Amino acid sequence: MIRTLFSALILLSGAVSLTAPQVWAAETTQSKKEKKKQSAKEKREAAKTKREAAKAKKAEEKARKAAAKKAAAAQEAFEQTEATSTVGKALKEIQYVGAARPDVTAEYYFVVRSSSTCPHCVKLLPEVMAAYTEMRTTGKVELIYESFDNSAEAAEQHMNKNGAIFPVAMRAHMGNLPGAAPLMVPPPAAYVIDATGKRLASGPLAPVLADWRKLTVDKEEN
């Protein structure tokens with residue numbers, strides 16, 4: 001009985017000793033397959049990320065070249081436009097931020113004093129943009145954004161972020177514009193002048209912006 005039990009244990013031990021390496025070998029093979037599969041996946045993802053980065057870089061470069069070309073065309077047209085009015089001539093001498101340039105042949109000029117660091121200024125920016133579109137359709141009114149930001153880079157970044165397309169100049173370059181209102185009202189503020197430099201209105205931005213037609217094109221009809 002004892003001998004029979006002992007023999008059975010020997011046989012069982014042998015079976016286990018034969019099975020264990022096989023199981024280990026199978027697990028090792030499976031592990032290698034999984035690692036290889038994971039490695040292949042990581043390589044595909046890395047290649048995809050690289051392609052997307054290259055595509056984005058190419059698109060960014062294309063956009064940069066298009067913007068530079070547009071800016072050059074705008075500057076050339078600006079330089080070739082003859083200014084005959086007092087304000088128009090003064091505007092030709094001002095340095096601007098970004099690609100947009102003012103119409104130096106306009107009859108009226110609406111100057112917005114604003115800043116990217118002024119919450120109320122930022123809140124009113126969509127209204128300014130909408131009004132600018134209407135002003136341009138008249139062919140007589142031009143809007144210029146006078147930035148009170150600390151740098152031209154900050155002003156341009158603010159304009160680009162909000163999709164603004166009107167002419168922008170820094171406060172330091174706008175101070176000597178004929179008819180410019182004194183700095184009695186902090187941004188957001190505005191003033192309106194005609195082409196001779198005669199000031200037609202000045203004050204907080206919201207009310208002056210609301211009356212821009214009455215102060216310019218509608219004024220001619222009355």
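Just so it is clear, the structure is predicted and the values come from calculations on it, not from any experiment.
- Note: Tyr108 OH to Lys198 NZ = 9.5 Å, rounded to the nearest 0.5 Å.
- His120 places none of its side-chain heavy atoms less than 4.5 Å from the side chain of Pro186.
- Linking Ile, Leu, Val, Met, Phe, Trp and Tyr whenever their side-chain heavy atoms come within less than 4.5 Å puts Val217 and Phe110 in one cluster.
- With contacts defined as side-chain heavy-atom distances shorter than 4.5 Å, the pair Met170/Ser147 qualifies.
- A distance of 4.5 Å separates CD1 in Ile193 from CG in Leu177, rounded to the nearest 0.5 Å.
- The two residues Val87 and Gly197 come nearest to each other via the heavy atoms CG2-N, 3.5 Å.
- Scored by the side chain to side chain contact (heavy atoms under 4.5 Å, CB included) test, Ala172 finds no partners at all (sequence neighbours excluded).
- Residues Arg113 and Ala180 share a closest heavy-atom pair of NH2-CB, 4.4 Å.
- Of all the heavy atoms in Cys118 and Pro188, the pair that sits closest is SG-CD, 3.8 Å.
- Of the inter-residue distances, the one linking Asn150 atom CG with Thr117 atom OG1 reads 7.0 Å to the nearest 0.5 angstrom.
- In this structure, Ser114 and Cys121 approach most closely via the heavy-atom pair OG-CB, 3.0 Å.
- What you find for Ala90 and Pro178 is that their closest heavy atoms are CB-CD, 3.6 Å.
- Without hydrogens or angle criteria, Glu142 side chain to Asp103 main chain gives a donor-acceptor distance under 3.5 Å.
- To the nearest 0.5 Å, atom CZ of residue Arg213 and atom CE of residue Met135 are 9.0 Å apart.
- For the atom pair CE (Met159) and OG (Ser116), the distance works out to 7.5 Å, reported to the nearest 0.5 Å.
- Clustering ILVMFWY residues whenever any of their side-chain heavy atoms sit less than 4.5 angstrom apart, transitively, puts Leu125 in the very cluster that holds Ile165.
- Each side-chain hydrogen bond (donor to acceptor under 3.5 Å, both in side chains) pair with one or both residues in residues 165-178, not counting sequence neighbours, appears once here: Glu146-Arg171.
- For residues 114-133, the set of pairs meeting the salt bridge (charged side-chain N to carboxylate O under 4.0 Å, His left out) definition, not counting sequence neighbours, is empty.
- Using a 4.5 Å cut-off on side-chain heavy atoms (C-beta onward), Val168 and Glu156 make no contact.
- Residue pairs meeting the ring-ring contact (aromatic ring centres under 6.0 Å, His included) criterion with at least one member in residues 144-165, sequence neighbours excluded, are Tyr145-Phe166.
- Within the structure, the side-chain hydrogen bond (donor to acceptor under 3.5 Å, both in side chains) test picks out the following pairs touching residues 177-196 (sequence neighbours left out): Asp194-Thr196.
- Considering CG of Leu91 and OH of Tyr109, their distance stands at 5.5 Å, rounded to 0.5 Å.
- Qualifying side chain to side chain contact (heavy atoms under 4.5 Å, CB included) partners for Asp211, counting only residues two or more places apart in sequence or in other chains: Lys214, Leu215.
- Within the 4.5 Å cutoff, no side-chain heavy atoms of Thr138 are placed close to those of Glu107.
- Val122 and Leu205 fall into different hydrophobic clusters, where Ile, Leu, Val, Met, Phe, Trp and Tyr side chains are chained together by heavy-atom contacts under 4.5 Å.
- Shortest non-hydrogen contact noted between Ala152 and Val97 is O-CG1, 3.6 Å.
- At a threshold of 4.5 Å between non-hydrogen side-chain atoms, the residues Glu153 and Gln157 do not count as touching.
- Panel note: side chain Thr133, backbone Met129; a donor-acceptor pair is recorded below 3.5 Å.
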